[in-house]
Each structure stands twice: as C-alpha cells, then as structure tokens.
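Following: one structure in structure tokens, then a few remarks.
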Amino acid sequence: MIRPEDVRQAEEAAAGAFSRAADTERTCFARVLRAFQSQRVALAHFSGSTGYAYGDPGRDVFERTFAAALEAQSALCRPHIASGTHALAVALFGLLSPGDTLVCGSGLPYDTLHEVIGLSGDAPGSLKRLGVSCDVVPLAEGGGIDLAALQRALDKPSARVVALQRSRGYSFRPSLTQEPLRQAIAAVRAARPDALVLVDNCYGEFVEEHEPTYHGADLIAGSLIKNPGGGLAPTGGYVAGRGDLVNRCAARLYAPGVGAEIGSYEPGYRLFFQGLFLAPHTVRQAICSAALGAALFERLGYEVSPGPGELRADIIQAVRLGAPERLIAFCRAVQAASPVDSFAAPEPWAMPGYADEVIMAAGAFVQGASIELSADAPLRPPYIAYLQGGLTYEHGRAALLAAAQAIGPA
Ligand SMILES: *Cc1c(COP(=O)(O)O)cnc(C)c1O
C-alpha cells in the first residue's frame, strides 16, 4: 500500500532535481524566445505549402529558429524526417562514404541503429552494405566513455565519424552529461582533428542548459515527437549543426542538387513553432516526473538510475524491477493512467528494429510520442522499466502512484 506520506517524502527527496530543472528551463526558454525574436517569427510563417515548396517561408524560418534554439549554425528540421532513427540514418549516410569507419564512442548505439549500421541483421541499404565499417568502443567501468580506447580507435586512418549517444537508451548506464561530453569531443579533436562528431541527441534536448553543438559537436540529430517538439509537433525529426554538413544530410534526405530547397507540408507549421516554444517547459515536466519516479521507487526498495539527486542528460528514468510480471504490471498501470487508450492492456510484442520483445505503455495523443508519458522495456533480464515523458507533472505523478500501487515494494 502506497501512503500519501510516501509520495510527500519522495517529493522532498526530489526537491533538488525540481529546482535544477526550473533553472534549466529558464535558461533554455530564454534562448528559445530569443530565437523566435531574432528570426522575426510571424503569423504568416504558420501557413502550409504544397508541391515543391520552393522558398517556403514557414519551413525555412522554422528551421532557422530551431537551429538558433539548439545552438546550431543550421538545421534540417522537417515533417519528412519520419522518426529519430530516420534522422540519425540521414546524418550517418550524409557523413559517411564507402571505405569509411564509423566509431561508436559510447558503447553500443541505440537498438534501432543496429540494423541501420549493419551491426545486426543484413538489412538492404545498411551502412555495412554500402561498405562502411563500424567499431564500437565499449563503455568504461561505471558507464562513462573510455577516452583512451576512443583515441586508440581513431588511430585507424579510415575512422571518419565518431557517434556519441547522450541518452542512456535501453541500458542502465548513466546518460552523457555536458562535462564528460565536452571531454570526449576534446579527446576526439586531439587525436583526429579531421574526424566528425555526431551526437544522438534523442531525449537530451533542453535537459541541460546547453546542447552538444555548444560543446563542439559537428552534428546532432533527434526526433520531434520527443523533447524539441514540446508535445505538440505531430511528427518529424531533425539534423542540426555545421551548415556544410547539414547540406550533405539534406542531399541524402531529398536529392543531391535540390537538397533542402524542396519539401512541402500542407497542414502548416504552427504546431512545430508552438511545440518548440513550449519544449523547455514540457521537458521540465518530464524531468520532474522522472525525478519523482526515482525517489518513489528507491523508497520502495528498487534500484533506480539515475538516483533522485543525480545530474541528468536525458528524460529517462530506469527502474530495475527484476521480474517480467512486475514489468508488465508497471506498464499496464501507466497505460491505465493515460488520457488516451486507457482501457488497453499493453502486451509484449516483436517491434521492428528491436531484437527482444518490447512492452510499451503509450497512451499518447501523438502515436508513439515519448515526450508524452510512456513506459517501455525490452522483455529481457533484469527487467528494467524505462519511464519517460509527461506533458504535465500532475499526470506523471498520478501515473507513478498507480504504478507503485500495482507493483508494491521490492
Ligand atoms: C528514441 C531514440 C532513438 C530513435 O528514435 P525513434 O524516433 O524511436 O526512431 C535513437 N536514439 C535514442 C537515444 C533514442 O532515445
């Protein structure tokens, strides 16, 4: 039985995280607002476009605003990028050529990238089939980047691109916060000034006061149905960073020559602008929900990562549940606490791009949007639930209570 004082005490334990999230929101929001003003965003930019959409002012001003908000020189940020995986694939194929080596500097990349790269399976069109090889540098003990091993991997003359992942993904490692990220980029520069750094920024946007581009990353990529869409963007993804590299990615997304000059969107861009405007606030709601989850489940005797007071570089809260029944009960409770599809009971299923069966609670307004409160997990020991998102703290709080009631103490 979860008592009201358990929740109150958990909120007290998370107070430091709440106040840090408030500070971060203020910093990020100021930058987002300046971006809107410097680009002179106006009502006319919300209108849609058709056909080729040459010179589409809504699309172009949105991309410039987005770039400024994410501390990037340039951005390709569009509804035509269908997901985070697609954005990362566009970035990888934009940067790498046959004969090159991709170095994954923060251990195995996110599950859905394995087939893109060719680390698993033999999907047509993978980087491997293109003749790009991949070296994975395992994380050091404790989950940080092994800088010496990363530099050794860069001895290979073909090493062209270093991919780093800011978020923990489906793993119990810590997320990559600003200081270790800055050190990793410095280590790459020292070893190989000609190598490019691509950061998988999924779940990381607006979680800390600066984006990886500020710390010298050449390119970042992510999804608009995660943090930077603010819960309003209906679809989309982005690649942002150095202008020449963004152009190379645009040539992959569309066609060489035309690049980012084309691409229409008839419904219009208001939800993208408005979502970006809300994003620092939405992300704070998600961080506060995650921090409460850390404190509450720690009180109940579960191992959590990060802990309630730990620095975060993403919005994910991992809770080690230890048993498949608990994992399923946890996800069902989160689903039942959702505004949409609350009556549905999630079942583990074989999701495209993932090696293990995955169970997912996602009672979201936008299908699969994980900036909305969601819980998911691959069904593999030690049965860790990954909880993220929450458009409002009150929703996160209510769902966490329900999940705690459903599984009880460890
Ligand atoms: C979500 C995510 C992806 C993939 O994004 P999708 O939109 O699910 O395709 C890649 N990397 C990380 C770290 C993610 O969190």
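Both ligands and their constituent atoms are indexed starting at 1 by order of listing. Treat the numbers as computed from the prediction; the structure is a model and nothing was measured.
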Quiz item: Counting each atom of ligand 1 from 1 as listed, which ones have a heavy atom of Leu88 under 4.0 Å away?
Solution: 10 (C)
Quiz item: Which atoms of ligand 1 have any heavy atom of Tyr203 under 4.0 Å away?
Solution: 15 (O)
Quiz item: For Val304 and Pro308, which heavy atoms make the closest approach, and how far apart are they?
Solution: CG2-CD, 4.5 Å
Quiz item: Would the Phe330 and Tyr302 ring centres measure less than 6.0 Å apart?
Solution: no
Self-check item: Part of Asp200 within contact of ligand 1 (heavy atoms, under 4.0 Å)
Solution: side chain
Self-check item: Where ligand 1 meets Ser83 - atom numbers and elements under 4.0 angstrom, heavy-atom basis
Solution: 7 (O), 9 (O)
Exercise. Kindly give the heavy-atom pair with the smallest separation between Pro138 and Asp146, and that separation in Å.
Key: O-CB, 3.8 Å
Practice problem: Name the closest protein heavy atom to atom 7 (O) of ligand 1, giving the residue it belongs to and the distance to 0.1 Å. | Solution: Gly84 N, 2.7 Å
Self-check item: Least distance between heavy atoms, Ala17 atom then Ala291 atom
Solution: CB-CB, 3.6 Å
Quiz item: Should the proximity of Asp314 to ligand 1, defined as any heavy atom under 4.0 Å, be assigned to the side chain, the backbone, both, or neither?
Solution: neither
Quiz item: For the side-chain hydrogen bond (donor to acceptor under 3.5 Å, both in side chains) test, which of Ser167, Ser374, Ser289 pairs with Gln388?
Solution: Ser374
Quiz item: For the residue pair Phe273 and Phe46, does the interplanar ring angle fall in the parallel (under 30°), tilted (30 to 60°) or perpendicular (over 60°) class?
Solution: tilted
Quiz item: Does Cys202, backbone or side chain, put an N or O under 3.5 Å from an N or O of ligand 1?
Solution: no
Quiz prompt | Residue pair Ala260 / Ala250: nearest heavy atoms and the distance that separates them | solution = N-CB, 3.6 Å
Quiz item: Based purely on interatomic distance, does Thr85 place a nitrogen or oxygen under 3.5 Å from a nitrogen or oxygen of ligand 1?
Solution: yes
Quiz item: Any idea which protein heavy atom is nearest atom 10 (C) of ligand 1, and the distance to it?
Solution: Tyr110 CD2, 3.3 Å
Self-check item: Contact with ligand 1 for Lys226, non-hydrogen, under 4.0 angstrom
Solution: yes
Quiz item: What residue pairs, at least two apart or across chains, pass side-chain hydrogen bond (donor to acceptor under 3.5 Å, both in side chains) with a residue in residues 67-77?
Solution: Glu71-His210
Quiz item: Less than 3.5 Å between some nitrogen or oxygen of Gln165 and one of ligand 1, yes or no?
Solution: no
